[in-house]
Amino acid sequence: MKLATFNINGIKARGEALAAWLAEAAPDVVCLQEIKSVDEAFPREGLEAIGYRVETHGQKGFNGVAILSKLPLRDLRRGLPGDDGDEQARWIEAVVEGPRPLRICGLYLPNGNPAPGPKFDYKLAWMARMEARVRELLASEEPFVCLGDYNVIPQAEDAKKPEAWVTDALFLPESRAAFHRLVNLGLTDAVRARMPGPGVYTFWDYQAVAWERNNGIRIDHVLLSPQAADRLQEVGIDKAVRGKEKPSDHVPVWVRLAD
DNA sequence: ATGGTAGCGCTGCTA
């Protein structure tokens, strides 16, 4: 089973780029972030026509996540538990009904800038809530995968210019510590495990010719539960997508697990 | 130190 995460930065602006990548990569399950659309406006028909079930958790203008799946889904959940007052659409979860069931968590972790400030506080609180959800899932001993835009640069080698990020919420010690706490619960960073850095990136800013200079960062991650890690076969980053027409500033990251 | 780009949606916010 091939699972991918792709921050598409606006589903309405990315229809062609998404369709072209799906045709080439043929993932079974895709977690999308930053759909920037309400559920009713999500262009689902074209995706359904090529065999994907579409589940969205959107909001107006910003954020928004979705799951595309060629396989049936059950136990669909929208929103990260732990704060009933949180209106931001950043978490979607479901169990994929393959030969062996697999739980998928698609996430768009808060950016957190500027730091310090309320947005950074929200990021850290959100990460604490995610840790609580991951602890629950680990206790259940079911296989699961958390895919998405984590907005965290885990280590200096995950940035072309780490010195440019030292005061940024993506690289501040508190953000990195929270990410490492999550991983150290017993998850496997699939890209780190199979594609050791430096020089492995998933995001290049639109500004300052970052792509042309390969001034990237690694912030899109796939974390595997122990039972899912046992099934890991292959990992990839579809970097070429960033060089095509009207690209997202992120590229797809994928894993292949034994069925 | 500044400003550089893109998406959404219509003004400025978010990243």
Side-chain angles (χ1 to χ4, degrees), chain A residues 5-21 30-44 46-47 56-66 80 86-91 106-127 130 147-154 158-172 174-176 178-179 201-221 238-253:
Chain A
T5 176
F6 191 4
N7 180 323
I8 43 156
N9 189 22
I11 187 67
K12 294 160 200 153
R14 213 67 66 212
E16 289 183 25
L18 178 60
W21 170 71
V30 185
C31 295
L32 298 176
Q33 301 88 38
E34 286 204 89
I35 63 173
K36 296 186 176 180
S37 170
V38 293
D39 295 336
E40 310 79 67
F42 188 96
R44 57 171 49 242
L47 297 165
T56 61
H57 179 39
Q59 69 178 86
K60 185 177 176 177
F62 307 108
N63 307 323
V65 289
L80 179 62
D86 186 359
E87 310 241 317
Q88 300 191 31
R90 297 179 175 277
W91 182 272
L107 64 120
Y108 177 47
L109 206 146
N111 176 295
N113 281 304
K119 291 188 177 180
F120 191 56
D121 296 341
Y122 174 68
K123 176 177 195 154
L124 297 179
W126 200 97
M127 293 183 84
M130 179 171 171
L147 312 87
D149 176 358
Y150 283 70
N151 269 316
V152 175
I153 302 166
D158 298 313
K160 178 72 172 292
K161 297 183 177 183
E163 67 278 6
W165 297 92
V166 290
T167 62
D168 193 286
L170 277 61
F171 193 56
L172 281 174
E174 296 96 318
S175 304
R176 297 164 57 196
F179 180 83
Y201 310 130
T202 66
F203 168 94
W204 295 261
D205 202 295
Y206 289 122
Q207 304 181 72
V209 288
W211 169 245
E212 289 77 2
R213 294 174 182 171
N214 194 29
N215 181 13
I217 53 176
R218 189 174 76 94
I219 55 174
D220 300 274
H221 306 301
D238 291 339
K239 183 174 179 179
V241 168
R242 185 64 178 81
K244 296 190 184 294
E245 280 294 301
K246 206 168 159 55
S248 170
D249 41 7
H250 297 250
V251 297
V253 179

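Here is how names work: the chains are called A, B, and so on, in the same order as the sequence lines, proteins then strands, and each is numbered from 1.
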Handout entry: Rounded interatomic separation in angstrom, taking CD from E34(A) and P from dC8(B)
Key = 10 Å
Exercise for the section: Rounded to the nearest angstrom, tell me the gap between atom CD1 in I11(A) and atom C1' in dC8(B). Expected result: 14 Å
Practice task
Measure the distance from CD on Q207(A) to P on dT5(B) and round it to the nearest whole Å.
Solution key: 7 Å
Fill in the blank from the handout: To the nearest 0.5 Å, atom CZ of R218(A) lies from atom CG of L170(A) at 13.0 Å
Practice task
Considering only atom C1', compute the distance from dC10(B) to dT14(B) and round it to an integer number of Å.
Solution key: 15 Å
Exercise for the section: Check the distance between dT14(B)'s P and N111(A)'s CG and give it to me in whole angstrom. Expected result: 10 Å
Problem - D205(A) CG - dA6(B) P separation (whole Å) - result: 10 Å
Practice task
State, with a plain yes or no, whether a side-chain heavy atom of K123(A) is found less than 4.5 Å away from one of V152(A).
Solution key: yes
Problem - Separation of atom CZ in F203(A) from atom P in dT5(B), rounded to whole Å - result: 14 Å
Practice task
Could you work out which one of dC10(B), dC8(B), dA15(B) sits closest to the side chain of Y108(A)?
Solution key: dA15(B)
Problem - N63(A) or S37(A), whichever maps to the more 5' nucleotide of DNA chain B - result: S37(A)
Exercise for the section: For dA1(B) versus dG12(B), give the span between their C1' atoms, rounded off to a whole number of Å. Expected result: 23 Å
Handout entry: Closest listed nucleotide, where the reference is the side chain of K119(A) and the choices are dT5(B), dT14(B), dC10(B)
Key = dT14(B)
Problem - Side-chain heavy-atom pair K36(A), N9(A) within 4.5 angstrom cut-off - result: yes
Problem - N151(A) vs W126(A) side-chain heavy atoms within contact, under 4.5 Å - result: no
Practice task
Answer yes or no: does a side-chain N or O of K36(A) lie under 4.0 Å from OP1 or OP2 of dA15(B)?
Solution key: no
Handout entry: OP1 or OP2 of dG7(B) under 4.0 Å from side-chain N/O of R14(A)
Key = yes
Fill in the blank from the handout: Between CG of D149(A) and P of dT14(B) the distance, given in whole Å, is 17 Å
Completion exercise
Picking from dC8(B), dA15(B), dG7(B), the nucleotide nearest the side-chain atoms of F62(A) would be dG7(B)
Practice task
Mind checking the CD-CD spacing from Q59(A) to Q88(A)? Nearest 0.5 Å is all I need.
Solution key: 6.0 Å
Exercise for the section: Could you say whether G112(A) or Y206(A) is positioned toward the 5' end of DNA chain B, judged by the nucleotide with the nearest heavy atom to each? Expected result: Y206(A)
Handout entry: Any K246(A) side-chain N or O less than 4.0 Å from OP1/OP2 of dG7(B)
Key = yes
Practice task
Answer with base, sugar-phosphate or nothing: what part of the nucleic acid does R213(A) contact at a heavy-atom distance below 4.0 Å?
Solution key: nothing
Exercise for the section: Round to the nearest Å and state the distance from F120(A) atom CZ to dA15(B) atom P. Expected result: 14 Å
